[in-house]
Amino acid sequence: MNVYAPIILCFVPFVTMFALFAILVPKISVVKELVASLAGLLALIPITLVQFMIPGMSLFGQSSAGGMLLYSIVFLGLVEECFKALLLFIVGAKEEKLSCWFCYSLLAGMIFGSFESVIYLLLNIQKINHGILPLNLIYLRMFTAVLIHTLCAGLGGFAVYYFKNLNRNLKPLIQAILIHGLYDYFVSIDTSIKYFSVIVILLAAMDCRVYYLKIAEELLAKKSAKRTAIDPNKTIEMPKNPAIIIPVNNTVRESVAADDVADEDSVDFDQIEREAKSQLKAAKKAPAKKTATKKTESKTAKRAASSASKKTSAKPKTSAAKAKAPAKKAAPKKTAKPAKPAKSTAKKPAAKTKAKGKR
């Protein structure tokens, strides 16, 4: 039997998926694809050490159906899925796009399943050569194992994404462990029950879709909560002086602020607009008034100059008039004072003569 052809065939799904993700998925990083693939390969080291060093068959026993189921879930599913999920932390899921992260998780699981299929093929090569184990069963085991490892790694990747971006949710990882264990249990049975493994694979694909949509909804809710969140230390205030910008002559824009607004909630913007328009009209009339005042000032200046020239020519007359004016004012004052004693002197002798007559 040619061994190289089945070995190459084991890696065909991984290479195809790697190329399709790099071409079709937007904003995906080829470097992170390689890192995720390396993480899947590194997971083989601790898993093989644990499974070869611990005698799982003797612990659980494979003689009964219950022991075989516990062996498949605990010893195979738990060990493999936990180590794959832990090594996905190397890729870095913090603030990573969900679609890209899901692709990285699938690649890690796919390369792990491809190497496991190669190991399974090499371990059973003698059985195949002797015809004990049919080759078609080997191929079925190889492709179904790649699928189950890929989908279970996707579920484990969702648990890592929850831990890094949302909250701690181990439900995807627990479901990955159970699905992996059920698959190993059904595949190990040589009867027709082994075809139930296909149903388990479909269940894993459905769980991946459910968790993908659920995480996408939670991410949207988180982003909307960030946008609507209000900082309690900051308050939004309305401006005390709302400004209205009105164009003037289609070229100049002036902003007029309404002052002394007492109540911010009951601002009358119509009144503010009317006041702004009235101020603009007054501003338009102002240049005309300035030109009128300039003309009047020029006229007054001319009149002042002419009056100044007239005053200079009439200075002697005005000085003479000023000299006469105090003289006229002083004359009545001097005549008014001696008039009183004249009256008193006239009355006194008359009174004396009357007194003499009585005597």
Working to the nearest 0.5 Å, report the span between [atom1] of [X] and [atom2] of [Y].
| X | Y | atom1 | atom2 | result |
| --- | --- | --- | --- | --- |
| H180 | L76 | NE2 | CG | 6.5 Å |
| I179 | E81 | CD1 | CD | 9.5 Å |
| Y161 | L98 | OH | CG | 5.0 Å |
| L87 | C82 | CG | SG | 11.5 Å |
| Y104 | S99 | OH | OG | 8.5 Å |
| C208 | L151 | SG | CG | 5.0 Å |

Would you name the heavy atoms of [X] and [Y] that are closest together and state the gap between them?
| X | Y | value |
| --- | --- | --- |
| N169 | K214 | ND2-NZ, 4.5 Å |
| G109 | A153 | CA-CB, 3.4 Å |
| Q175 | D207 | OE1-OD2, 3.1 Å |
| S105 | G154 | CB-CA, 3.9 Å |
| F89 | F163 | CE2-CD2, 3.8 Å |
| A145 | S117 | CB-OG, 4.1 Å |

hydrophobic_cluster_shared for [Y] and [X], side chain cutoff 4.5 Å:
| X | Y | answer |
| --- | --- | --- |
| V198 | V187 | no |
| V210 | L202 | no |
| I45 | L78 | yes |
| I23 | L107 | no |
| I90 | F115 | yes |

Do the non-hydrogen side-chain atoms of [X] and [Y] ever get within less than 4.5 Å of each other?
| X | Y | result |
| --- | --- | --- |
| L122 | I7 | yes |
| V74 | I177 | no |
| E33 | S29 | no |
| M206 | L203 | yes |
| I174 | L178 | yes |
| F143 | C10 | no |
| F21 | V30 | no |

Exercise. Y162 vs Y211 aromatic rings, parallel, tilted or perpendicular, using cut-offs 30° and 60°?
Worked result: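 It falls in the perpendicular class, over 60°.
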Exercise. Have T144 and Y183 got a donor and an acceptor in their side chains that come within less than 3.5 Å?
Worked result: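 A donor-acceptor contact under 3.5 Å links the two side chains.
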For the [atom1] atom on [X], are there more than 12 heavy atoms of other groups (residues, nucleotides or ligands in this structure) within a distance under 6.0 Å?
| X | atom1 | result |
| --- | --- | --- |
| K94 | NZ | yes |
| K97 | NZ | yes |
| F11 | CZ | yes |

Exercise. Are the side chain of N165 and the backbone of A93 linked by a donor-acceptor contact shorter than 3.5 Å?
Worked result: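 Yes, because the side chain of N165 sits within donor-acceptor range (under 3.5 Å) of the backbone of A93.
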Exercise. Checking side chain to side chain contact (heavy atoms under 4.5 Å, CB included) for the pair V146/M110: CA distance, chi angles, key distance, verdict?
Worked result: CA-CA 6 Å; V146 170; M110 188 170 285; 3.9 Å; yes
For this session: Could you walk me through whether E95 and K164 pass the side chain to side chain contact (heavy atoms under 4.5 Å, CB included) test, one step at a time?
Result: CA-CA 8 Å; E95 296 181 356; K164 285 291 186 178; over 6 Å; no
For this session: Decide, yes or no, whether a salt bridge links K32 with E96 under the criterion of side-chain N to carboxylate O below 4.0 Å.
Result: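 Answer for the salt bridge query: yes.
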Exercise. Would you say the ring centroid of F102 lies under 6.0 angstrom from that of F158?
Worked result: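 Under 6.0 Å, so yes.
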Problem set entry | ring-ring contact (aromatic ring centres under 6.0 Å, His included) partners for F18, two or more places apart |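 Partners of F18 by the ring-ring contact (aromatic ring centres under 6.0 Å, His included) criterion come out as none, since no residue qualifies.
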For this session: Using the side chain to side chain contact (heavy atoms under 4.5 Å, CB included) rule, take L88 and W101 through it: C-alpha gap first, then chi angles, then the decisive distance, then the call.
Result: CA-CA 10 Å; L88 278 174; W101 176 255; 4.2 Å; yes
For this session: Take L20 and T16 through the test side chain to side chain contact (heavy atoms under 4.5 Å, CB included) and record every step on the way to the result.
Result: CA-CA 6 Å; L20 288 175; T16 306; 4.0 Å; yes
